[in-house]
Protein chains: 2
Amino acid sequence: MSLRHALLGLLSERPASGYDLLKSFDTSLANVWPATQSQIYTELSKLADAGLISVTAEGPRGRKEYTLTDAGLAELRHWLTETKPQRNTRSEVLLRVFFLGVLTPEQARGYLTELIKLSEQAHENLRHLDESIDWDGDNLSVCGRITLEYGLRFNAMRREWAEWAVGQIR
Amino acid sequence: MSLRHALLGLLSERPASGYDLLKSFDTSLANVWPATQSQIYTELSKLADAGLISVTAEGPRGRKEYTLTDAGLAELRHWLTETKPQRNTRSEVLLRVFFLGVLTPEQARGYLTELIKLSEQAHENLRHLDESIDWDGDNLSVCGRITLEYGLRFNAMRREWAEWAVGQIR
DNA sequence: TAGTGACATGTCAAGAGTGGAAGGTAGAAT
DNA sequence: ATTCTACCTTCCACTCTTGACATGTCACTA
């Protein structure tokens, strides 16, 4: 049910339409909890039916602006404080590394070298994103900053690890 | 289609039954690509129908031992060399961090403190696992070692990051 | 005025993943 | 002899996720 809570979380920052939320999922949440358009619109309808969000404005092109209700905020807080993350993370990248042994050493090193490049690129992208945002000091913003820092550290770690791994393959 | 390839990968190491594979998913692949029993047995049937694996022995308790076929090995190699990982990673833990701003600073710090503990525990578990395995020098084993090292570094990174993050919340 | 691109939503089929029920065998311990 | 535990498979109902199709508005520009 994480998509549900991701939507509630985004709406806790400011009211938004499905289209706005879709953009958030494509940018800030892309590497945290990706979601597609169909999923978002479907879930928004359900959330509205459940009374956790409500339509507070209708704009020009059929645009519907949703706002978090009190019940929605309560549900979000409940999720954060009373439940634990259960899903284990899945990483297709790592899964591939696990089976690199069926390839020749050259092929395996090639894969890891690719990975180094990808990590560097991702790191650069995040660095630019970081610089383009002016983080005002509120609590929400602090959490965005913290999440971005995670990405930065993650990519740095991954690059160092992949460099080490290349040397391990004989 | 990653589950499919995870199964082919495990069977490339040695023939195994659904039950054996289930145990692999619960241990070595638990933090890479978790899968449930129903998923595994279903996929094994499909893989056998597709001729990528075949039943090579039937044991005592209805046990069926599957072996990778040549077609299966080819498919595994094709997946590793010709296709790219597409799925973005999903992290419920990080998603929660992103929305920690709706909580009080104490609650938010509490969550991050929990995370530090979890990371330390996970790190310890992996360290013990590492020590209990005697890594012989073949290529498959090297990849297992590399994957485990990733976990070690990942948890260390996560702990440091969470410690830093606690200090960021005012 | 016709076309393009950003804005905006809705729906559906198919595939992937979850959780549990159900059933059966073999070996070991009480 | 019985029970317990580990072994082992199959099936089902459900939710989540993906990708594609369908539809329409508004602003700009060639």
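With salt bridges taken as basic N to acidic carboxylate O contacts below 4.0 Å, none links B/E92 and B/R90. Salt-bridge annotation for A/K117 and A/E120: absent, with no side-chain N of the basic residue lying under 4.0 Å from a carboxylate O of the acidic one.
Mapping B/Q86 and B/S45 onto DNA chain D via the closest heavy atom, the residue that lands nearer the 5' end is B/S45. Across the interface with DNA chain C, nearest-nucleotide mapping of A/E65 and B/P34 shows A/E65 to be the residue nearer the 5′ end.
Comparing C/dA6, C/dT9, C/dG17 by their closest approach to the side chain of A/R61 singles out C/dA6. Comparing C/dA8, D/dC8, D/dT18 against the side chain of A/Y19 picks out C/dA8 as the nearest.
Taking five base pairs at each end of the helix from C/dT1-D/dA30 to C/dT30-D/dA1 and finding the rotation axis that steps the C1' atoms of four pairs onto the next four gives two axes whose angle is 0°, to the nearest 10°.
Between the base of C/dG19 and the side chain of B/Q37 there is no donor-acceptor pair shorter than 3.5 Å. Judged by atom type and distance alone, B/S38 does not reach the base of C/dG17 through any side-chain donor-acceptor pair under 3.5 Å.
Under the salt bridge (Lys or Arg N to Asp or Glu O under 4.0 Å) criterion, no residue pair touches residues 24-33 of chain A, with sequence neighbours excluded.
Stacking of B/R4 on the aromatic ring of B/W79 is not recorded, the 6.0 Å distance cut-off and the 45° axial limit not both being met.
Note on A/K64: a side-chain N or O is less than 4.0 Å away from OP1 or OP2 of C/dG10. Applying the 4.0 Å criterion to OP1 and OP2 of C/dA16, one finds that B/Q39 has every side-chain N and O outside that range. Contact check, A/Y41 against C/dG10: no side-chain N or O comes under 4.0 Å of OP1 or OP2.
Heavy atoms of A/R90 sit under 4.0 angstrom from primed sugar atoms or phosphate atoms, though from no base atom.
Taking atom CG of A/L3 as the reference point, atom C1' of D/dT15 lies 12 Å away to the nearest angstrom. What separates CZ of A/R63 from P of D/dT23 is a distance of 24 Å, to the nearest Å. One interatomic measurement links the two molecules: CD of A/E92 to P of C/dG17, which rounds to 10 Å at whole-angstrom precision. When rounded to the nearest whole Å, the span between NZ of B/K46 and C1' of D/dT9 equals 17 Å. One interatomic measurement links the two molecules: CG of B/L21 to C1' of D/dC7, which rounds to 14 Å at whole-angstrom precision. Atom-to-atom, CG of A/L95 to C1' of C/dA16 comes out at 15 Å; the value is rounded to the nearest Å. Here D/dA20 presents its C1' atom at 16 Å from CD1 of A/I40, a figure rounded to the nearest Å. Distance CD (A/E58) to P (C/dG10): 10 Å, rounded to an integer number of Å.
Residue B/D49 qualifies as enclosed at atom CG: its count of foreign heavy atoms under 6.0 Å is above 12.
Under the 3.5 Å distance criterion, the side-chain polar atoms of B/T56 are matched with a main-chain donor or acceptor of B/E65.
Partner of B/S119 under the side chain to side chain donor-acceptor pair (under 3.5 Å) criterion, chosen from B/E124, B/R158, B/R159: B/R158.
Between B/S12 and B/R77, the side chains place no donor N or O within less than 3.5 Å of an acceptor N or O (distance only, hydrogens not considered).
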